[in-house]
Amino acid sequence: MDWITLKDLKQLDEIRAQSKEQPVLIYKHSSRCSISRTAFDRLERKWDSGAVAGMKRYFLDLISYREVSNQIAEQFLVEHQSPQILVIKDGQSILDLSHYEIDFEHIRSVLSADQPK
């Protein structure tokens, strides 16, 4: 999978803008947490790009970029977790999962439910 490294506060403005065209995923990873690595590996193994065509994926090392992690919590009105995924659509978080809740099928089902019928 191709991940865009999230390391700058300015990128949050880009994510908000991109999310107006299509949902954007943010994965907040802690290099000090084995659960974070396990959840990330599981997400990558199950990922089906065809089911979420064109979704941009951002990877944040929250140990290295704590300020960005804090700003994500503030801007998107979510409680900080690690590991954590957020799906951003129309500038807002529409999905916030952490630890073993992180699951591709859950992401896909939320995005499918959000599509106009």
**Request:** For residues 59-69, pull every pair meeting side-chain hydrogen bond (donor to acceptor under 3.5 Å, both in side chains), keeping only residues two or more places apart or in separate chains.
**Result:** Lys28-Ser69, Asp61-Ser64, Arg66-His80, Ser69-His80

Working to the nearest 0.5 Å, report the span between [atom1] of [X] and [atom2] of [Y].
| X | Y | atom1 | atom2 | result |
| --- | --- | --- | --- | --- |
| Lys89 | Leu111 | NZ | CG | 8.0 Å |
| Gln22 | Asp90 | CD | CG | 11.5 Å |
| Leu6 | His29 | CG | NE2 | 13.5 Å |
| Tyr27 | Trp3 | OH | CH2 | 8.0 Å |
| Leu95 | Leu97 | CG | CG | 4.0 Å |

Shortest non-hydrogen contact between [X] and [Y], atoms and distance:
| X | Y | result |
| --- | --- | --- |
| Val87 | Pro23 | CG1-CB, 3.9 Å |
| Gln75 | Leu12 | OE1-CB, 3.8 Å |
| Ile88 | Gly91 | CG2-C, 4.0 Å |

Any side-chain heavy atom of [X] within less than 4.5 Å of one from [Y]?
| X | Y | answer |
| --- | --- | --- |
| Ile4 | Asp2 | no |
| Ile26 | Ile85 | no |
| Ile72 | Leu86 | yes |

Keeping the roles fixed (side chain from [X], backbone from [Y]), state whether a donor-acceptor pair exists under 3.5 Å.
| X | Y | answer |
| --- | --- | --- |
| Ser36 | Ser30 | yes |
| Gln84 | Glu79 | yes |
| Arg16 | Gln92 | no |
| Arg57 | Leu25 | no |

Transitive ILVMFWY side-chain link [X] to [Y], under 4.5 Å:
| X | Y | answer |
| --- | --- | --- |
| Leu9 | Ile63 | yes |
| Ile102 | Val24 | no |
| Leu43 | Leu60 | no |
| Ile94 | Val78 | no |

**Complete:** The ring pair (Phe, Tyr, Trp, His ring centres under 6.0 Å) partners of Phe76 (sequence neighbours excluded) come to none

**Request:** May I ask you to decide if the ring planes of Phe40 and Phe59 are parallel, tilted or perpendicular, using 30° and 60° as cut-offs?
**Result:** perpendicular

**With sequence neighbours excluded, residues passing side chain to side chain donor-acceptor pair (under 3.5 Å) with Arg37** = Asp41

**Message:** Taking side chain to side chain donor-acceptor pair (under 3.5 Å) as the definition, give me every residue that meets it alongside Gln11, ordered by chain and number, with sequence neighbours left out.
**Reply:** none

**Asked** Does anything in residues 89-113 pair up under ring pair (Phe, Tyr, Trp, His ring centres under 6.0 Å), and if so which pairs, sequence neighbours excluded?
**Response** Trp47-Phe104

**Prompt:** Who passes salt bridge (charged side-chain N to carboxylate O under 4.0 Å, His left out) against Arg108, sequence neighbours left out?
**Reply:** Glu105

